[in-house]
J.: 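To start, I am sharing the structure in question, which I have written as structure tokens.
A quick note: this is a predicted structure, and the numbers were derived from the prediction, not measured. In the text below, chain A, chain B and the rest are named by the order of the sequence lines, each starting its count at 1.
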2 protein chains.
Amino acid sequence: MNIGQAAAATGVSAKRIRYYEQIGLLGKSKRSASGYRVFDRDDLHTLSFIRRARRLGFSVPKISALLALWQDQGRSSADVKRLVETHLDELREKIGELQAMVDTLQHLADRCDGDKRPDCPILHDLERSES
Amino acid sequence: MNIGQAAAATGVSAKRIRYYEQIGLLGKSKRSASGYRVFDRDDLHTLSFIRRARRLGFSVPKISALLALWQDQGRSSADVKRLVETHLDELREKIGELQAMVDTLQHLADRCDGDKRPDCPILHDLERSES
DNA sequence: CCTACACCTTCCCATTATGGGAAGGTCAAG
DNA sequence: CTTGACCTTCCCATAATGGGAAGGTGTAGG
């Protein structure tokens with residue numbers, strides 16, 4: 001299977017597959033006589049794993065750790081869970097930051113008339129002298 | 001006032017100030033005879049504005065728009081409000097994506113024993129053949 | 001007056017994960 | 001053998017910084 005077919009089969013673009021190989025997330029691909037990358041069912045399986053992990057917001061280094069655990073038959077589920085909970089903490093922290101922005105902005109927008117006049121509490125707040 | 005003092009006074013690092021000038025978010029700074037950037041009270045005011053906008057998650061292009069409105073005495077608050085509401089939509093969309101990740105991961109983590117055994121619904125899910 | 005030392009300047013590199021595109025080789029069908 | 005689809009590598013760009021080098025400036029103390 002060539003890279004284009006692997007990409008179509010897994011939803012991971014050819015560009016990304018080459019990138020993952022380059023940074024060492026994937027081992028070096030087998031190559032055909034002419035230098036084309038060749039993928040087998042196991043490779044597709046791994047690529048799909050990576051794609052799902054990306055969708056859940058894991059960074060490449062974290063996926064690397066997840067892959068290592070996945071392939072380690074002697075892993076403990078505690079290790080996997082710990083990794084995921086750390087990720088959950090980070091996601092929640094990010095959500096908290098974004099939510100705080102939303103709260104502030106919504107508060108300001110609620111007080112903005114949104115008409116033709118220039119007065120606007122939003123700009124007024126951004127302009128304030130404190131902080 | 002030199003760049004270091006302006007940075008200390010506004011909380012915007014010297015690096016960032018230079019960057020903002022370079023990309024045109026700030027006009028070209030006045031310079032001393034020896035080439036040092038010189039900042040006055042107005043500049044500090046603008047830098048503080050930018051810092052607050054950054055903290056509320058606005059991108060540089062959006063801040064550029066906000067600054068233009070801020071400095072336009074003939075603006076309408078409707079324009080400001082529209083910009084902010086677009087931003088709010090984007091923030092909320094991002095939060096939604098992150099929250100969906102959290103929901104999925106929490107669900108999986110809840111089902112993971114987190115002990116010494118290798119069985120783990122998290123890896124099992126990432127590995128699944130569908131999707 | 002000269003020497004430190006702190007601060008300034010510009011320039012280049014790195015970050016994260018990906019897309020775009022060029023130049024050139026390969027393969028299968030007609 | 002040509003065409004077109006596909007592959008290869010390589011370089012560039014993204015957003016918004018931080019790090020650090022090489023070299024000029026400004027000031028304070030000896």
Side-chain angles (χ1 to χ4, degrees), chain A residues 1-26 28-40 43-44 46-67 87 90-91 94 97-98 101, chain B residues 1-26 28-40 43-44 46-47 49-67 87 90-91 93-94 97-98 101:
Chain A
M1 209 177 205
N2 285 343
I3 198 169
Q5 297 166 292
T10 61
V12 179
S13 75
K15 280 282 193 185
R16 257 176 290 168
I17 295 175
R18 293 194 195 97
Y19 173 69
Y20 292 153
E21 180 183 343
Q22 189 201 323
I23 63 173
L25 182 59
L26 299 172
K28 286 182 189 167
S29 305
K30 280 142 278 177
R31 301 290 184 125
S32 71
S34 57
Y36 283 21
R37 286 176 183 78
V38 176
F39 299 84
D40 61 23
D43 296 326
L44 299 190
T46 302
L47 285 170
S48 294
F49 181 103
I50 292 172
R51 175 160 171 268
R52 285 185 210 104
R54 283 298 290 142
R55 286 195 172 183
L56 290 173
F58 289 97
S59 65
V60 164
K62 278 181 189 154
I63 294 177
S64 190
L66 280 172
L67 278 174
H87 183 46
E90 291 170 13
L91 289 173
K94 189 70 189 160
E97 289 167 8
L98 295 176
M101 294 173 185
Chain B
M1 208 177 204
N2 285 342
I3 199 170
Q5 298 166 292
T10 60
V12 179
S13 75
K15 280 283 194 185
R16 259 176 289 167
I17 295 174
R18 293 194 195 98
Y19 173 68
Y20 292 154
E21 180 183 342
Q22 190 201 324
I23 63 173
L25 181 58
L26 299 172
K28 286 181 187 167
S29 306
K30 280 142 280 177
R31 300 292 183 124
S32 72
S34 57
Y36 284 19
R37 285 176 182 77
V38 176
F39 299 85
D40 61 22
D43 295 326
L44 298 189
T46 303
L47 285 170
F49 182 103
I50 291 173
R51 174 160 170 268
R52 285 186 209 104
R54 282 297 291 142
R55 285 193 172 184
L56 290 173
F58 289 97
S59 65
V60 164
K62 278 181 191 153
I63 294 177
S64 190
L66 280 172
L67 279 175
H87 184 45
E90 291 169 15
L91 289 173
E93 186 179 342
K94 189 70 188 161
E97 290 168 6
L98 295 175
M101 294 173 186

J.: Between B/Ile63 and B/Tyr20, is there a side-chain heavy-atom distance shorter than 4.5 Å?
T.: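 A side-chain contact is absent here, since even the closest heavy-atom pair is not under 4.5 Å.
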J.: What is the distance, rounded to the nearest whole Å, between atom NZ of A/Lys62 and atom P of C/dT16?
T.: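 Atom NZ in A/Lys62 sits about 12 Å away from atom P in C/dT16.
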J.: Provide the full list of salt bridge (charged side-chain N to carboxylate O under 4.0 Å, His left out) pairs with a residue in residues 7-19 of chain B, sequence neighbours left out, each pair given once.
T.: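 Matches after skipping sequence neighbours: none remain.
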J.: Do other residues, nucleotides or ligands put more than 12 heavy atoms under 6.0 Å from B/Lys94 NZ?
T.: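 Result for NZ/B/Lys94: open.
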J.: Got a second to check how far B/Leu66's CG is from B/His87's NE2, nearest 0.5 Å?
T.: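 Separation between the atoms: 8.5 Å.
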J.: Between which nucleotides of DNA chain D, read 5' to 3', does contact with chain B run, using atoms under 4.0 Å from its heavy atoms?
T.: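 Contacts span D/dA16 to D/dG26, reading 5' to 3'.
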J.: Please report the C-alpha distance between B/Asp43 and B/Met1 in whole Å, then the side-chain angles of each, then the deciding distance to 0.1 Å, and finally whether the side-chain contact (heavy atoms from CB on, under 4.5 Å) criterion is met.
T.: CA-CA 10 Å; B/Asp43 295 326; B/Met1 208 177 204; over 6 Å; no
J.: If the helix axis at each end comes from five base pairs, how far does the helix from C/dC1-D/dG30 to C/dG30-D/dC1 deviate from straight, to 10°?
T.: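 Rounded to the nearest 10 degrees, the bend comes out at 30°.
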J.: Go through the structure and list residues passing salt bridge (Lys or Arg N to Asp or Glu O under 4.0 Å) with A/Arg37, not counting sequence neighbours.
T.: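 A/Arg37 satisfies salt bridge (Lys or Arg N to Asp or Glu O under 4.0 Å) with A/Glu21 once adjacent residues are dropped.
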J.: Rounded to the nearest Å, what distance is computed from the CG atom of residue A/Leu26 to the P atom of nucleotide C/dT18?
T.: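 Atom CG in A/Leu26 sits about 12 Å away from atom P in C/dT18.
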J.: Go through residues 15-25 of chain B and report each residue with a non-hydrogen atom lying under 4.0 Å from DNA chain C, sorted by number.
T.: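 Going residue by residue through residues 15-25 of chain B, the ones with a heavy atom under 4.0 Å of DNA chain C turn out to be B/Lys15, B/Arg18.
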J.: Heavy-atom distance under 4.5 Å between the side chains of B/Ile3 and B/Tyr36, does that happen here?
T.: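 No, their side chains stay 4.5 Å or more apart.
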J.: Enumerate the residue pairs fulfilling side chain to side chain donor-acceptor pair (under 3.5 Å) with a member in residues 1-11 of chain A, sequence neighbours excluded, ordered by first and then second residue.
T.: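 Found none.
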J.: Can you measure A/Lys94 atom NZ to C/dT16 atom P for me and round it to whole angstrom units?
T.: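 Going from A/Lys94 (NZ) to C/dT16 (P), I get 15 Å.
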J.: Hey, which of these two, A/Pro61 or A/Tyr36, hits DNA chain C nearer its 5' end, going by closest nucleotide?
T.: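 Upstream on the strand: A/Pro61.
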J.: Mapping B/Ser59 and A/Gly35 to their closest nucleotides on DNA chain D, which lands nearer the 5' end?
T.: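 Between the two, 5'-proximity favours A/Gly35.
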J.: Mapping B/Ser34 and B/Val60 to their closest nucleotides on DNA chain D, which lands nearer the 5' end?
T.: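 Mapping each residue to its closest nucleotide by heavy atoms, the 5'-most match is B/Val60.
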J.: Check whether any side-chain nitrogen or oxygen of B/Arg31 sits under 4.0 Å from OP1 or OP2 of C/dC8, and answer yes or no.
T.: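 Negative; the distance criterion is not met.
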J.: Find the distance A/Ile50:CD1 to C/dA17:C1' and express it as a whole number of Å.
T.: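 In whole Å, C/dA17 C1' lies 13 Å from A/Ile50 CD1.
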J.: Compare all side-chain heavy atoms of B/Val12 with those of B/Ile50 and state whether any distance is below 4.5 angstrom.
T.: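 Heavy-atom side-chain distance check fails, nothing below 4.5 Å.
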J.: Would you mind telling me which of B/Arg54, B/Lys62, B/Arg55 makes a side chain to side chain contact (heavy atoms under 4.5 Å, CB included) with B/Phe58?
T.: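 For B/Phe58, the side chain to side chain contact (heavy atoms under 4.5 Å, CB included) test succeeds with only one of B/Arg54, B/Lys62, B/Arg55, which is B/Lys62.
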J.: Starting from the C-alpha separation in whole Å, work towards a yes-or-no answer on side-chain contact (heavy atoms from CB on, under 4.5 Å) for B/Leu26 and B/Leu47.
T.: CA-CA 9 Å; B/Leu26 299 172; B/Leu47 285 170; 3.9 Å; yes
